[in-house]
There are 2 protein chains.
Amino acid sequence: MDMEKAVSALNNPIRRQILHWLKDRSNFPPALPEHKDAEGVCVGYIQEKAGLSQSTISAYMNALKQVGFVEAERHGQWTFYYRNEEKIQEFLNAMSNELSIS
Amino acid sequence: MDMEKAVSALNNPIRRQILHWLKDRSNFPPALPEHKDAEGVCVGYIQEKAGLSQSTISAYMNALKQVGFVEAERHGQWTFYYRNEEKIQEFLNAMSNELSIS
DNA sequence: TCTATATATCGAGATATTACGATATATAGA
DNA sequence: TCTATATATCGTAATATCTCGATATATAGA
């Protein structure tokens, strides 16, 4: 866990918000019938909800992916992003260790 | 807890390191006899350990103080900084809530 | 193959952060 | 009051981040 990159990825309210939204699929419009089997949420839905440009959201999701907080899965033309709960917990533990425990 | 400012204050390896060092007074040179009663560590010691300029450390400590992670106490010409464990724990809990719990 | 759609990447201007040296302020002691 | 020391504040150049629009790439379907 690269704490440098991890904290940096979280040092943005929208990226933190997206991570939070991804906790619950119902924060987004229902999946299309052909995507019922795909895990996660496509970039377009995240973009719409966040209200930022497509390129910005794509970069944001990449930043979150680089540190492992989310994973990406391609299904056709769509990329679906979903949380990596282990990595998120790992970060919280590392942060707790770094700040609290001597 | 202003998460915006809090994460921003932690988005710097030296500031995180300082918070960690402050966990244990023995990370710094022993206190002068006339400071035996003062809680915390003076700016000069922190500066020396961090290896950055005096003005930078002063600004860093102020950033940490603004979000409540440390508190400051003046004793004569010295300012002593020490951790606010409650606020740090409050931040860790808030972070955990924001990231993990839906 | 051609077109439409979804996403990724690129380049850039605006803004924020970093870290410094210079200077100001506060206090202790002569 | 004058000087020395500790810390705070100011002005700054360098660097990083934010966010966009334009463009490139990937895939599905006609």
Side-chain angles (χ1 to χ4, degrees), chain A residues 2-18 22 28-29 31-67 70-82, chain B residues 2-18 22 28-29 31-67 70-82:
Chain A
D2 180 344
M3 290 301 277
E4 202 45 35
K5 275 193 181 175
V7 175
S8 192
L10 294 175
N11 189 31
N12 177 295
I14 306 290
R15 282 194 296 265
R16 290 200 303 279
Q17 183 75 75
I18 289 171
L22 286 177
F28 300 94
L32 298 176
E34 63 265 38
H35 296 148
K36 281 292 185 213
D37 57 328
E39 189 177 3
V41 179
C42 68
V43 175
Y45 283 2
I46 299 171
Q47 185 204 337
E48 192 181 355
K49 182 118 180 160
L52 294 178
S53 76
Q54 186 269 321
S55 60
T56 296
I57 297 301
S58 181
Y60 277 15
M61 297 317 295
N62 190 54
L64 292 172
K65 193 178 78 169
Q66 288 309 308
V67 292
V70 301
E71 288 178 22
E73 240 174 64
R74 260 260 165 176
H75 287 249
Q77 341 160 231
W78 289 270
T79 305
F80 294 84
Y81 285 96
Y82 54 94
Chain B
D2 180 343
M3 290 301 277
E4 201 46 33
K5 275 192 180 175
V7 176
S8 193
L10 294 175
N11 188 31
N12 176 293
I14 306 289
R15 282 193 296 264
R16 290 200 302 279
Q17 182 75 75
I18 289 171
L22 286 177
F28 300 93
L32 299 175
E34 63 265 39
H35 295 150
K36 281 293 184 212
D37 56 329
E39 189 178 2
V41 179
C42 68
V43 176
Y45 283 2
I46 299 172
Q47 185 204 336
E48 192 181 357
K49 182 117 181 161
L52 293 179
S53 76
Q54 185 268 321
S55 60
T56 297
I57 296 301
S58 182
Y60 277 15
M61 297 317 294
N62 189 54
L64 293 172
K65 193 179 77 169
Q66 288 308 309
V67 292
V70 300
E71 287 177 22
E73 239 174 65
R74 261 259 165 176
H75 287 249
Q77 343 163 228
W78 289 270
T79 304
F80 294 84
Y81 285 96
Y82 55 95

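We name chains A, B, ... by the order of the sequence lines, and we start the count at 1 in each one. What you see is a predicted model, and the numbers here were worked out from it, not measured in a lab.
Atom CG of A:L52 is separated from atom C1' of C:dT7 by 16 Å (rounded to the nearest Å). For B:M61 and D:dT7, the CE to P distance is 11 Å, given to the nearest whole Å. Put simply, CD on B:Q47 is 9 Å from P on C:dC20, counting in whole angstrom units. When the P atom of C:dT17 is taken as reference, atom CD of B:E4 falls 9 Å away, rounded to whole Å. In this entry the distance linking CD of B:Q54 with P of C:dA24 reads 15 Å, nearest Å. Across the protein-nucleic acid pair, B:N62 atom CG and D:dC10 atom P stand 11 Å apart, rounded to whole Å. Rounded to an integer number of Å, the gap from A:I57 CD1 to C:dT9 P is 15 Å. Between A:I14 atom CD1 and D:dC18 atom C1' there is a gap of 11 Å when expressed in whole angstrom units.
Within the 4.0 angstrom heavy-atom criterion, base atoms lie near B:S55. Across all strands shown, A:Y81 has heavy atoms under 4.0 Å from sugar-phosphate atoms exclusively, and none from any base. Nucleic acid contact for A:N12: sugar-phosphate only, since backbone atoms but no base atoms lie under 4.0 Å from a heavy atom of the residue.
The side chain of A:W78 lies closest to C:dA6, out of C:dA6, D:dA6, D:dA8. Checked against D:dT27, C:dA26, D:dC20, the side chain of A:R74 finds its nearest nucleotide in D:dT27. Between C:dT27, D:dC20, C:dA6, one nucleotide has an atom nearer to the side chain of B:Q77 than all others, and that is C:dT27. The side chain of A:T56 approaches D:dC20 more closely than any other nucleotide in the set C:dT27, D:dC20, D:dT7. Checking D:dG21, C:dA8, C:dA26 against every side-chain atom of A:V43, the shortest atom distance belongs to C:dA8.
Not one N or O on the side chain of A:R15 forms a donor-acceptor pair closer than 3.5 Å with the backbone of A:L10. Using a distance-only test at 3.5 Å, with no hydrogens or angles considered, a donor-acceptor pair links the side chain of B:R74 to the main chain of B:G76.
Remark: C:dG21 base-pairs with D:dC10. Criterion, Watson-Crick or G-U wobble with two distances under 3.5 Å. Of all nucleotides present, only C:dC2 satisfies the Watson-Crick or G-U wobble test against D:dG29, with each distance under 3.5 Å. Nucleotide C:dG11: paired with D:dC20 (Watson-Crick or G-U wobble, both distances less than 3.5 Å).
Annotation: side chain of A:K49 is not in contact with side chain of A:V41 (no heavy-atom distance under 4.5 Å). Residues B:M61 and B:T79 fail the side-chain proximity criterion, which asks for heavy atoms closer than 4.5 Å.
Between A:S8 and D:dT17 there is a side-chain polar atom (N or O) within less than 4.0 angstrom of OP1 or OP2. For A:R15, a side-chain nitrogen or oxygen approaches OP1 or OP2 of D:dC18 to under 4.0 Å.
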